[in-house]
Chemist: 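One structure, pasted below without further comment.
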Amino acid sequence: MSKKRLAIFLFYDKDGIADRYVEYLLSSIRPCMERLIVIVNGEANEEAVKMFESIADTVVIRENNGFDIAAWRHGIVDICGKAELEKYDSLTLLNDSFFGPFYPFEEIYSEMENRNKDYWGLSAHGEIEGAGLCPYGYRPAYIQTYFMVFEKSLLVSDDFFFFWDKLPNYDVFIELAEKFVAVLTKHFSDLGYSWDVLCNTSDLDGARSENYDQHTYNIYELIAHRHYPIIKRHSFYAPKDNYLRHSNGCDLPRSLEFIEKNCDYDLTMIFEHLLRLYKVNDLKKSLCLDYVVEDYPHYEAPTKGEAAVFAYLVCENMFEKYQTYLKNIPENIDTVIMTDSEENVQKLNNICNNIPDRNFSVLKSNHCAGGSSIVFWVECKDIIMKYKYLCFIHDTENPHNDFPTVHAEYERMNWENMLHSSAYITNIIGLLSEHEYLGILSPFGANHGHYFSMSADYWCGYYDSAVKLADRIGIKSPNKLDSPLSFNNCFWCKASALKKLVESDLTYEDFMSETGEIDNNICHGAERIPMYVAADGGYASGWVYSTEYAGAELSSLRFMMDSLVEKLGEVSMVKTNNFCSFYASVKRFIKACGKDKANNKSKELKKLDTMKQKIKRITPKSILSIYCRIRYR
């Protein structure tokens, strides 16, 4: 290392945990540095401190105040001092707010130092109007402060040390953004110092009202075409409606795919961190983890003994119906069928015997009254972990008072999107194998008939039961606002994603109520827990579609969306120029209407409807017939 460089790294985590991506980041930049200082705002657990001490020269834990700049100021002014700073050729200030690097830091420093600028960064934000707190009256173009490098020409000047020495604490983020982030670059530029960024996006800038965060909403362009070496964590939890303001929302998953194929970076480090802190459903949305799987093979079939299908079949009238799907299971995939009686064992064996060259096992369940949750997670647990890839599927009677076609299509949705064809099954396993971070692929949420109501709450009243079960198996309780993606024990997965559930030693008694009866709430809660078990193990979950169902789902969602926009667009205060403004204006409209007023009106209408139904029941048909003829003449 020819240059004598100093780096001050700021770490903050609400739980004091330094995930693997932090260690990788520090280990990657360490060879470029003569000295590395780690400053922790708040707390760091024992493992984190040991890791920091193994890489850094100095580790300091301070009170969490003043955001990043207070920690950097502490490092510059109190730990180093002006005389110490002047010994170095450059000072790098960085934090833990990004994943990477995807390209070596050595290359980055070499390129930027050859440009002979006084200070530089990785990216810049174009000028914007701001919130009115910036001393310039607007927010000028600035180096984004998650990674900044100050060369020796600045370090030996009084300008640099004076700036940091006199810098106040900011306890409100908007003040930090307006009075520090938006000021630093122009402040030194006005003093005559030159600056630059590795990833120049000035050609994409427009008027102040049009500029936005390129590193959040245009990340694929930066990584794939402009050699941008990192992804900001903010990119993964920025609101989806904001993404749809700038593009079609698939920029981030495209970026991850590019990194996976072209860079030597372990993406599971990203998912381990995100799944610890953020909602699983939000992550699925931001990464567009919806997979349309084709009907001809793209991957090699799994080897014998590598994959298995576990089916729970108790509805005798449906056995023949599902024979077609059982035929679709490839020859080298085992199939374990559980049923509720010796008679059904015989019937299913007869069906299986008509499917040649397959390895079917039909077993009688001792606890079939508890449904698929008990059968899969109690009775089959000794078999499950023998495999690498698993599919769980089952049949159900129609439990709702609705048209029979509604439940029939729901059943078909599950089976079609799990066992559509032999090539389809091979491709699902291939997807799970290709993407290390992917743990579960389930059918999507149904929108037809009464299943539409589940869009408002996929917990369906079973949240408390799911929390109870999560506590029992030792995983973090799911957030009630985080809707489960899988809620009916129909999905493909990596066995390792369910390890904590399968090895939790659940018993039949765990699904019993205090009265000794099977608690259906616990059973239904268990149907919604697998994706959270996977998240606990660092795996993401997504939805999988056959091409037929992808087309049907797209058509249905397009119709629903267009219908809502058409009706709400008739309201003057609802804006439809883009989805972001539409969504925001709908929220304002609901607020203006008054939630309590709307709920009261709903209750009044419900009472009126109930009264009409009572009148209909007690009124002779002849009188109703006369009324209808007059009413609709």
Side-chain angles (χ1 to χ4, degrees), residues 280 308-315 336-342 344-345 361-386 390-400 410-411 414 440 442-443 454 457-480 482-491 493 495 497-537 541:
V280 181
V309 174
F310 287 80
Y312 172 60
L313 303 177
V314 294
C315 303
V336 178
I337 301 175
M338 305 293 290
T339 190
D340 59 345
S341 68
E342 293 295 344
N344 279 341
V345 168
S361 300
V362 182
L363 306 172
K364 178 181 175 298
S365 167
N366 296 318
H367 305 299
C368 58
S372 61
S373 292
I374 295 179
V375 172
F376 291 153
W377 315 135
V378 177
E379 287 198 86
C380 294
K381 62 184 179 183
D382 293 334
I383 311 172
I384 287 174
M385 294 309 293
K386 294 179 180 179
L390 304 165
C391 175
F392 298 96
I393 192 77
H394 60 87
D395 60 9
T396 56
E397 295 282 6
N398 186 357
H400 300 283
Y410 174 73
E411 284 279 288
N414 289 325
I440 291 179
S442 71
M454 295 177 71
D457 179 20
Y458 281 115
W459 289 111
C460 301
Y462 303 118
Y463 172 73
D464 291 339
S465 298
V467 169
K468 181 178 179 181
L469 190 61
D471 183 64
R472 167 68 177 81
I473 63 180
I475 64 170
K476 183 174 69 174
S477 294
N479 188 318
K480 192 170 186 178
D482 191 15
S483 294
L485 299 172
S486 172
F487 47 84
N488 60 1
N489 281 343
C490 292
F491 56 88
C493 71
L498 296 185
K499 186 175 181 180
K500 211 159 189 176
L501 174 61
V502 177
E503 295 183 353
S504 62
D505 201 27
L506 283 174
T507 65
Y508 181 63
E509 286 69 28
D510 288 310
F511 293 86
M512 305 292 287
S513 67
E514 293 180 0
T515 61
E517 300 294 325
I518 291 173
D519 189 336
N520 286 321
N521 288 336
I522 294 292
C523 293
H524 289 303
E527 292 175 346
R528 288 155 172 79
I529 210 70
M531 60 173 286
Y532 300 104
V533 178
D536 184 79
S541 298

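In what follows, every heavy atom counts, from backbone to side chain, and hydrogens, waters and symmetry copies are set aside. No experiment lies behind these values; they were computed from the predicted model shown.
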Chemist: For the backbone of His394 and the side chain of Ser372, can you confirm whether one donor and one acceptor N or O come within less than 3.5 Å of each other?
Modeler: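 Not a single qualifying donor-acceptor pair exists.
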Chemist: Does the side chain of Phe511 come within less than 4.5 Å of Val378's, by heavy atoms?
Modeler: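 Touching, per the 4.5 Å side-chain cut-off.
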Chemist: Shortest non-hydrogen contact from Met531 to Pro484?
Modeler: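 The pair with the smallest heavy-atom distance is SD-CA, 3.3 Å.
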Chemist: Is a side-chain N or O of Glu379 found less than 3.5 angstrom from the main chain of Asn366, in a donor-acceptor match?
Modeler: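 Judged by distance alone, yes, a pair lies under 3.5 Å.
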Chemist: Quick one: NE2 on His524 to CG on Asn488, what's the gap to the nearest 0.5 Å?
Modeler: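 Rounded to the nearest 0.5 Å, the NE2-CG separation comes to 11.0 Å.
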Chemist: Report the C-alpha distance between Arg472 and Asp510 in whole Å, list the side-chain angles of each, state the deciding distance to 0.1 Å, and finish with yes or no for salt bridge (charged side-chain N to carboxylate O under 4.0 Å, His left out).
Modeler: CA-CA 9 Å; Arg472 167 68 177 81; Asp510 288 310; 3.0 Å; yes
Chemist: Step by step, would you call Ile518 with Cys523 a side chain to side chain contact (heavy atoms under 4.5 Å, CB included)?
Modeler: CA-CA 8 Å; Ile518 291 173; Cys523 293; 3.8 Å; yes
Chemist: Are the side chain of Lys500 and the backbone of Gly474 linked by a donor-acceptor contact shorter than 3.5 Å?
Modeler: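 Here the side-chain-to-backbone pair exists.
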Chemist: Which heavy atom of Cys315 sits nearest a heavy atom of Thr396, and at what distance?
Modeler: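 Heavy-atom minimum between the residues: SG-C, 3.8 Å.
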Chemist: Is the number of heavy atoms from other residues, nucleotides or ligands within 6.0 Å of NZ (Lys381) greater than 12?
Modeler: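 Yes, the 6.0 Å shell around NZ holds more than 12 heavy atoms from other groups.
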Chemist: What are the two closest heavy atoms between Ser373 and Asn489, and how far apart are they?
Modeler: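 So the minimum-distance heavy-atom pair works out to OG-ND2, 3.1 Å.
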Chemist: What is the ring orientation for Tyr458 with Phe487, classed by angle as parallel under 30°, tilted 30 to 60°, or perpendicular over 60°?
Modeler: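 Parallel, since the angle between the ring planes stays under 30°.
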Chemist: Where do Val314 and Thr339 come nearest, in terms of heavy atoms and distance?
Modeler: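 Closest approach of Val314 to Thr339, heavy atoms only: CA-OG1, 4.1 Å.
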Chemist: Under a 4.5 Å cut-off applied to non-hydrogen side-chain atoms, are Ser465 and Ile522 in contact?
Modeler: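 Yes, at least one pair of side-chain atoms sits under 4.5 Å.
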Chemist: Please determine whether side-chain hydrogen bond (donor to acceptor under 3.5 Å, both in side chains) holds for the pair Asp519 and Ser513, giving the CA-CA distance in whole Å, both sets of side-chain angles, and the decisive distance to 0.1 Å.
Modeler: CA-CA 5 Å; Asp519 189 336; Ser513 67; 5.6 Å; no
Chemist: In this structure, are over 12 heavy atoms from other groups packed under 6.0 Å from Lys480 atom NZ?
Modeler: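 At most 12 heavy atoms, drawn from other residues, nucleotides or ligands, come within 6.0 Å of this atom.
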Chemist: Could you measure the distance from the CZ atom of Arg528 to the CG atom of Leu469? Nearest 0.5 Å is fine.
Modeler: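 Nearest 0.5 Å value for the CZ-CG distance: 12.5 Å.
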Chemist: Before giving the answer on side chain to side chain contact (heavy atoms under 4.5 Å, CB included), spell out for Met512 and Glu517 the whole-Å C-alpha distance, their side-chain angles and the decisive distance to 0.1 Å.
Modeler: CA-CA 5 Å; Met512 305 292 287; Glu517 300 294 325; 5.6 Å; no
Chemist: I want to know whether Trp459 and Tyr532 have ring centres closer than 6.0 Å.
Modeler: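 Yes, the ring of Trp459 comes within the 6.0 Å limit of the ring of Tyr532, centre to centre.
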Chemist: Where is the tightest heavy-atom contact between Tyr462 and Asn521, given as atom of each residue plus distance?
Modeler: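 Closest pair (atom of Tyr462, atom of Asn521, distance): CE2-OD1, 3.3 Å.
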Chemist: After noting the C-alpha distance and the side-chain angles of Leu313 and Val362, does the key distance pass the side chain to side chain contact (heavy atoms under 4.5 Å, CB included) rule?
Modeler: CA-CA 10 Å; Leu313 303 177; Val362 182; over 6 Å; no
Chemist: For Cys490, does its backbone N or O pair with a side-chain atom of Asn414 as donor and acceptor, under 3.5 Å?
Modeler: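 The answer is no, because no donor-acceptor pair under 3.5 Å joins these two groups.
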Chemist: Taking C-beta and beyond as the side chain, do Ile384 and Phe392 meet within less than 4.5 Å on heavy atoms?
Modeler: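 Yes - at least one pair of side-chain heavy atoms lies under 4.5 Å apart.
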Chemist: Does any part of the side chain of Ile529, heavy atoms only, come nearer than 4.5 Å to the side chain of Ile475, both counted from C-beta?
Modeler: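 A side-chain contact under 4.5 Å exists here.
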Chemist: Given Val336 and Val309, is the side chain to side chain contact (heavy atoms under 4.5 Å, CB included) satisfied, shown in steps?
Modeler: CA-CA 6 Å; Val336 178; Val309 174; over 6 Å; no
Chemist: Any side-chain heavy atom of Met338 sitting closer than 4.5 Å to one from Cys380?
Modeler: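 Yes. Closest side-chain heavy atoms under 4.5 Å.
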Chemist: Could you give the distance from CD (Glu527) to CZ (Phe491), rounded to the nearest 0.5 Å?
Modeler: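 Glu527 CD to Phe491 CZ: 10.0 Å, rounded to 0.5 Å.
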Chemist: Please find out if less than 6.0 Å separates the ring center of Tyr508 from that of Trp377.
Modeler: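 For Tyr508 and Trp377, the ring centres are not under 6.0 Å apart.
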Chemist: Does the side chain of Cys493 come within less than 4.5 Å of Leu498's, by heavy atoms?
Modeler: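 Yes. Closest side-chain heavy atoms under 4.5 Å.
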Chemist: Determine the sole option in Val375, Ile337, Ile383 for which the side-chain contact (heavy atoms from CB on, under 4.5 Å) test with Phe310 is passed.
Modeler: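 Output: one option passes, namely Ile383.
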Chemist: How long is the straight-line distance from CG of Asp536 back to CD1 of Ile473, given to the nearest 0.5 Å?
Modeler: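 Here the rounded value is 8.0 Å.
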